[in-house]
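Just so we're on the same page: letters track the sequence lines, and every chain starts at 1. All heavy atoms count here, side chains included; hydrogens, waters and symmetry mates do not. Please read these numbers as outputs of a predicted model, since none were measured by experiment.
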Protein chains: 4
Amino acid sequence: MPTTSRSARYDDRVIAAARAVFTEQGFAAPMAEVAKRAGVGVASVYRRYPSKHELVEHVRIAAFRLILEEAEAARAEEPDPWQALARFMRRCLREGAGIGTVLPPMDQQHTYSEEFRDLRLRVAKAIEELVEAAKHAGELRADVDWTDILLLFKHLNPALPTNESRRAELRARYLGLVLEGLRAGGSRLPGPAPDRDEWQALCDNFATS
Amino acid sequence: MPTTSRSARYDDRVIAAARAVFTEQGFAAPMAEVAKRAGVGVASVYRRYPSKHELVEHVRIAAFRLILEEAEAARAEEPDPWQALARFMRRCLREGAGIGTVLPPMDQQHTYSEEFRDLRLRVAKAIEELVEAAKHAGELRADVDWTDILLLFKHLNPALPTNESRRAELRARYLGLVLEGLRAGGSRLPGPAPDRDEWQALCDNFATS
Amino acid sequence: MPTTSRSARYDDRVIAAARAVFTEQGFAAPMAEVAKRAGVGVASVYRRYPSKHELVEHVRIAAFRLILEEAEAARAEEPDPWQALARFMRRCLREGAGIGTVLPPMDQQHTYSEEFRDLRLRVAKAIEELVEAAKHAGELRADVDWTDILLLFKHLNPALPTNESRRAELRARYLGLVLEGLRAGGSRLPGPAPDRDEWQALCDNFATS
Amino acid sequence: MPTTSRSARYDDRVIAAARAVFTEQGFAAPMAEVAKRAGVGVASVYRRYPSKHELVEHVRIAAFRLILEEAEAARAEEPDPWQALARFMRRCLREGAGIGTVLPPMDQQHTYSEEFRDLRLRVAKAIEELVEAAKHAGELRADVDWTDILLLFKHLNPALPTNESRRAELRARYLGLVLEGLRAGGSRLPGPAPDRDEWQALCDNFATS
DNA sequence: GATGAATGAGTCTTCATTCAT
DNA sequence: AATGAATGAAGACTCATTCAT
């Protein structure tokens, strides 16, 4: 029986607090706020995450892990490719899995951890599979690319001045519109889809909300 | 006959600089950065806008003025109600009119200026007319409300780590998807549209990008 | 008539304050303490010296400028080579020109400014001339090298828990002993004199006291 | 018969680690660093030395014990008074017995332990005897006082940016110069020797390096 | 009217010290 | 008896805002 170790649960608490605080107040929120929300002292946050930057990166890692899980579960459990894609998007945008806050100064010279970059690759793969399957089945419009999906998450998750549950409701609402648009074979979308570099740059600014 | 006075053009320069700087670096960007971009001293910015908060409010006012102009022009120049709505959204999301950055701490107790609140009313009215006309003509799905439109602007204008011209391209791309969704009479959207209070709260956090 | 510009005098005040505070409390002293002593706000110190490190470097530059001036004046005004060397050392160790506080963590990866490195070269040259002249005249023992002089300054200027005027008196007292030792052709000194690299490393840790 | 108990050797390890760390990084070095060097946990250091201040005091006590031993051994084993004094100074400045780092904030209100003050008295006595004997024999200049000796240790042991073995070599080198100066009956030294109060104040800032 | 230097308050980060295991 | 995680206080540095020129 897998024991969720104490420190693992402790980490979760800090990451959850960080996610909540950063969502509500932006990345400009003080570390002290995160610590208070997690019910610990500042220094305890710093022991585990040696800088604000690393804390933010781990918030992103948590988001990506969730996306990966949802993508894999959708493929495994949903036989219809379109339903799989739709379910994946719906779940990712549901409470706790909302996605998209940005880093404020975007800190040019930062280098990302092995763990993060590895996760990014696996997320790319998983989304690509979902998208290709849906296109193959003729249910997803052909001029949409897998790189569009994460961007849509970001679009669909702005920092609205409401409580989280209402935000989730609105995410669902507008995802509805987008899904209709994704399905229809209507008039061609303008502009090229993001390429792999753009997609990666975007990932570097991701976070759950 | 209104002459574009020297100080009016000067104001424009400051607002444009603020818009650019805040879009690129977030509202955490220093006032000094805005001043430098505008090619003036900090104190000059402060003479015209006595606090950062007021500067931000004027950035928002500029955005709303633009929205208002576009809405009125769309109604006046575009006979087809659907085309009018689509053109309005397309123009607002085009370069220089992108919309949606948020204030980080959301400064609860701030009170908004007469000018701002007046503008907000007129924007509401103008959008409502565009939306009602399109619904009347049976070209816009019935379960969409006029309050949805500004939220969609916000959704369609996230702070992506790219240059502004590419951001504009992507805004256009995803607006394409949304327009398809708006038109189709597909399955009912989940969740209620924002009510007037939500809509106003949102306005308080608006800005051009 | 050379006007000592306002900002130049202002700089002097900050450097003097830094020298005093660092001498009394070590480099661990807060920047706020330096600012208070200079009669300005912290941020004003930071405007001119963007980091504590740079402030310290400028304190060192001030010390080196003084050494250089004294060395040149000694050569020019003192015909006897031994008297020139003795006067140089006495003056450098007198109040305001005391020399030798160390940087606490010695901050490995720091790179020094052009200005500092240039000054270091000129100081080396000037001291070398004084020393070689005194050796040539047979008045300075042969097994002493020019690189020894700065080290002796450092040795003769420890951070004693007294007021500056008494410290200066004690520096003079022990310099007396050292000068006697430098003159006599007594038994050979143990150990090699510092080489150029050692000498430069030492310079990187210098400061007036 | 005193057995070197386990805890005594343990204490030695901590003191040795503290001496090494403080010498290399100054007293600003973290307690955790000392603990790591000693190969124990922080809390273990704190069990024995309830504050950083007490640890530092014990580092000083260790230095004084060594000075005392050397002084007594020199008197006992060296019949010639000058040789005794010279040997004493040489040994004290040799590796492991180097002397002189200062406490950075000098912590005004601290009161010193019985043990420390007792040791200080005995050190004073022992040095006085060595000095008086050498003066009596006419081998040490008359205008030097016993209070000068410890100050000279401090002067001869600055925190140079080198490894300890080279530092010891340089201490020996400049001690050579000072010994020549101490012996010669040259021109009178300027300034009075430290009085007893100055000497005690100095002791309060002593440490082995 | 316009400027840039000066300031104090606020944020990130570190470290002496304590406590639960 | 020994450990290492947790904490609050303190220091470097930044930035909105204010004046003297």
Side-chain angles (χ1 to χ4, degrees), chain A residues 6-7 10-11 14 25 27-36 38-56 105, chain B residues 6-7 10 14 27-36 38-56 105, chain C residues 6-7 10-11 14 25 27-36 38-56 105, chain D residues 6-7 10 14 27-36 38-56 105:
Chain A
R6 173 119 82 85
S7 73
Y10 168 91
D11 282 2
V14 171
Q25 314 185 18
F27 281 121
M31 287 295 266
E33 188 67 27
V34 173
K36 193 166 63 166
V40 300
V42 234
S44 299
V45 176
Y46 273 93
R47 173 186 309 289
R48 184 66 187 79
Y49 307 99
S51 72
K52 193 174 190 174
H53 220 104
E54 289 210 30
L55 175 58
V56 167
Chain B
R6 172 118 82 85
S7 74
Y10 169 90
V14 171
F27 281 121
M31 289 294 269
E33 187 68 25
V34 172
K36 193 168 64 166
V40 302
V42 236
S44 300
V45 176
Y46 272 91
R47 173 177 323 285
R48 182 65 186 82
Y49 307 99
S51 73
K52 192 175 189 174
H53 222 104
E54 290 213 31
L55 174 57
V56 167
Chain C
R6 173 118 83 84
S7 73
Y10 168 89
D11 281 2
V14 171
Q25 314 184 20
F27 281 121
M31 288 294 269
E33 187 68 28
V34 172
K36 194 167 64 167
V40 301
V42 234
S44 300
V45 176
Y46 273 94
R47 174 185 308 290
R48 184 65 188 80
Y49 307 99
S51 72
K52 192 173 190 175
H53 221 104
E54 288 211 32
L55 174 57
V56 167
Chain D
R6 172 117 83 87
S7 75
Y10 170 91
V14 171
F27 281 121
M31 288 295 268
E33 187 69 25
V34 172
K36 193 168 67 168
V40 301
V42 236
S44 300
V45 175
Y46 272 89
R47 174 178 322 287
R48 182 66 186 80
Y49 307 100
S51 73
K52 192 175 190 175
H53 221 103
E54 289 213 32
L55 174 59
V56 167

Q. Within less than 4.0 Å of OP1 or OP2 of dA5(E), is there a side-chain N or O belonging to Ser44(C)?
A.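 Result: no.
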(Q) Nearest 0.5 angstrom please: Phe27(A) CZ to His53(A) NE2, how far? (A)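 Output value for this atom pair is 9.0 Å.
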(Q) With heavy-atom distances below 4.5 Å as the criterion, would you say the side chains of Arg47(C) and Ser44(C) are in contact? (A)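 Answer no - side chains too far apart.
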Q: State, yes or no, whether a side-chain contact exists between Val14(A) and Leu55(A) at a heavy-atom distance under 4.5 Å.
A: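 With C-beta onward as the side chain, the pair touches.
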Q) Closest nucleotide of DNA chain E for Pro30(A) versus for Ala32(D): which of these residues is on the 5' side? A)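 Residue closer to the 5' terminus by nearest nucleotide: Pro30(A).
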Quick one: [X] [atom1] to [N] [atom2], roughly how many Å, whole number?
{"X": "Lys52(A)", "N": "dA12(F)", "atom1": "NZ", "atom2": "P", "value": "21 Å"}
{"X": "Tyr49(D)", "N": "dA1(F)", "atom1": "OH", "atom2": "P", "value": "15 Å"}
{"X": "Arg48(B)", "N": "dT17(F)", "atom1": "CZ", "atom2": "P", "value": "16 Å"}

Q | Base partner of dT13(E), which must satisfy Watson-Crick or wobble distances under 3.5 Å | A |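 dA10(F) is the nucleotide pairing with dT13(E).
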Q) Mind checking who dA20(E) pairs with, Watson-Crick or G-U wobble, both distances under 3.5 Å? A)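 Its partner is dT3(F) (Watson-Crick or G-U wobble, both distances under 3.5 Å).
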Q) Want to settle it: does Ala43(D) or Met31(C) sit nearer the 5' end of DNA chain F, counting the closest nucleotide to each? A)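 Residue closer to the 5' terminus by nearest nucleotide: Ala43(D).
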Q: By nearest nucleotide on DNA chain F, pick out whichever of Gly41(D) and Val40(A) is the more 5' one.
A: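 Nearest nucleotide further toward 5': that of Gly41(D).
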**Q.** Nucleotide nearest Tyr46(C) (side chain, heavy atoms from C-beta), chosen from dT17(E), dT18(F), dA12(F)
**A.**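 Looking only at heavy atoms from C-beta outward on Tyr46(C), the closest nucleotide is dA12(F).
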Q: When you get a sec, tell me which of dA5(F), dT3(E), dA16(F) is the closest nucleotide to the side chain of Val42(D)?
A: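 The listed nucleotide nearest to Val42(D)'s side chain is dA5(F).
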Q: Could you check whether Ala29(D) gets within reach of a base, just the sugar-phosphate, or nothing at all, counting any heavy atom under 4.0 Å?
A: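 It contacts sugar-phosphate atoms only.
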Q. Is there a donor and acceptor pair, one atom on the side chain of Arg47(D) and one on the base of dA2(F), closer than 3.5 Å?
A.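 Yes.
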